[in-house]
**Q** 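Please read through the structure below; I'll follow up with questions.
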Amino acid sequence: MVIVYKTSKLEKECNEAKLMVKKHGPVRAKLLQKRLTELRAAAVLVDIFRLPQVRCHELRENRKGELAVDLDHPYRLIFEPADEPIPTKPDGGLDWTRVTSIRIIEIKDYHE
């Protein structure tokens with residue numbers, strides 16, 4: 001899967017191991033690297049959904065249109081489909097089988 005980032009600062013944070021550890025600590029940095037590797041290796045988004053430890057899920061309410069994967073509780077890697085146009089099913093929902101690129105939005109506890 002193709003991964004793009006909301007900002008160049010976030011891209012640097014996700015691709016430089018030393019900065020990742022400094023910003024998130026060694027445990028979250030290790031999980032973040034693992035999730036990014038899994039996302040890059042996936043052909044389509046549904047491939048990630050099939051990995052139970054990742055717990056890929058669509059968000060609701062004010063975060064509708066975004067998705068998240070687990071890091072260390074309660075932190076999540078939050079992203080959105082970057083395909084243009086966004087693949088949808090006939091009922092209007094996201095078609096996970098056709099999402100081939102994502103945009104990383106942030107790393108946070110969105111429950112705050």
**Q** Does CZ in R60 sit with more than 12 non-hydrogen atoms of other residues, nucleotides or ligands closer than 6.0 Å?
**A**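 Open.
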
**Q** How close do F49 and C56 get, counting heavy atoms only, and between which atoms?
**A**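 For F49 versus C56, the nearest heavy atoms are CD1-O, 3.7 Å.
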
**Q** side-chain contact (heavy atoms from CB on, under 4.5 Å), that's the test. Do E16 and K23 meet it? Break it down for me.
**A** CA-CA 11 Å; E16 292 184 18; K23 176 119 172 129; over 6 Å; no

**Q** Are any non-hydrogen side-chain atoms of I78 and R63 less than 4.5 angstrom apart?
**A**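 In short, these two side chains touch, coming nearer than 4.5 Å.
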
**Q** Quick test of your reading of the model: are R76 and D70 salt-bridged, counting only N-O distances below 4.0 Å?
**A**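 Judged by the 4.0 Å cut-off on N to carboxylate O distance, R76 and D70 do form a salt bridge.
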
**Q** Between L51 and L32, is there shared hydrophobic-cluster membership here, with clusters defined by ILVMFWY side-chain heavy atoms closer than 4.5 Å?
**A**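 Same cluster.
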
**Q** Taking the side chain as C-beta and beyond, is there a heavy-atom pair between L71 and R35 under 4.5 Å?
**A**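 Side-chain contact under 4.5 Å: yes.
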
**Q** So, taking the atom named CG in L59 and the one named CD in E66, what distance separates them when rounded to the nearest 0.5 Å?
**A**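 With rounding to 0.5 Å, CG (L59) is 6.0 Å from CD (E66).
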
**Q** Using side-chain heavy atoms (C-beta onward) and a distance below 4.5 Å, is V69 in contact with R55?
**A**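 In short, these two side chains do not touch, never coming nearer than 4.5 Å.
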
**Q** Does R98 reach the main-chain N or O of T88 with its side chain, forming a donor-acceptor pair under 3.5 Å?
**A**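 Between the backbone of T88 and the side chain of R98 there is a qualifying donor-acceptor contact (under 3.5 Å).
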
**Q** According to side chain to side chain donor-acceptor pair (under 3.5 Å), who are the partners of E58, at least two apart in sequence or on a separate chain?
**A**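 In terms of side chain to side chain donor-acceptor pair (under 3.5 Å), with neighbours along the sequence ignored, E58 is linked to W96.
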
**Q** Is there a side-chain contact (heavy atoms from CB on, under 4.5 Å) between I105 and E80 once you walk through the steps?
**A** CA-CA 7 Å; I105 299 171; E80 63 189 0; 3.7 Å; yes

**Q** Please round to the nearest 0.5 Å and tell me the distance separating atom CG of L36 and atom CD1 of I107.
**A**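 One gets 7.5 Å once the value is rounded to the nearest 0.5 Å.
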
**Q** Could you tell me whether the side chain of I86 reaches within less than 4.5 Å of the side chain of D95, counting heavy atoms only?
**A**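 Result no, sub-4.5 Å side-chain heavy-atom pair not found.
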
**Q** Please report the C-alpha distance between T97 and V46 in whole Å, then the side-chain angles of each, then the deciding distance to 0.1 Å, and finally whether the side-chain contact (heavy atoms from CB on, under 4.5 Å) criterion is met.
**A** CA-CA 5 Å; T97 64; V46 77; 4.2 Å; yes

**Q** Kindly compute the distance separating CG (D83) from CE (M1), expressed to the nearest 0.5 Å.
**A**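 It is 9.0 Å, given to the nearest 0.5 Å.
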
**Q** Give the C-alpha distance, both sets of side-chain angles, the deciding distance and a yes or no for side-chain contact (heavy atoms from CB on, under 4.5 Å) between K6 and I104.
**A** CA-CA 6 Å; K6 184 175 179 180; I104 304 293; over 6 Å; no

**Q** In Å and rounded to the nearest 0.5 Å, what is the CG to OG distance from L39 to S101?
**A**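 OG of S101 is found 12.0 Å from CG of L39.
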
**Q** Atom NE2 in H24, atom CG in D72: separation rounded to 0.5 Å?
**A**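 It is 10.0 Å, given to the nearest 0.5 Å.
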
**Q** How many angstroms lie between CD1 in I3 and CD1 in I102, if you round to the nearest 0.5 Å?
**A**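 The CD1 atom of I102 is 4.5 Å from CD1 of I3, to the nearest 0.5 Å.
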
**Q** Which atom pair, heavy atoms only, marks the closest approach of M20 to A29?
**A**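 Minimum heavy-atom contact is SD-O, 3.3 Å.
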
**Q** Here's one to test your reading of the geometry: is the NZ or CZ of R28 within 45 degrees of the ring axis of Y75 and under 6.0 Å from its centre?
**A**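 Yes, a cation-pi geometry holds between R28 and Y75.
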
**Q** What closest approach, in Å, do P26 and V21 show between heavy atoms, and which atom pair accounts for it?
**A**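 Closest heavy-atom pair between P26 and V21: N-CG1, 4.1 Å.
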
**Q** Measure across G65 and P81 and return the closest heavy-atom pair with its distance rounded to 0.1 Å.
**A**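 The answer is O-CD, 3.6 Å.
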
**Q** Does the N15 side chain pair with the main chain of K12, one donor and one acceptor, at a distance under 3.5 Å?
**A**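 No, the answer is negative, given that no donor and acceptor are paired below the 3.5 Å cut-off.
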
**Q** Under a single-linkage definition using a 4.5 Å side-chain heavy-atom cutoff for Ile, Leu, Val, Met, Phe, Trp and Tyr, are F79 and V4 assigned to the same hydrophobic cluster?
**A**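 In one cluster: no.
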
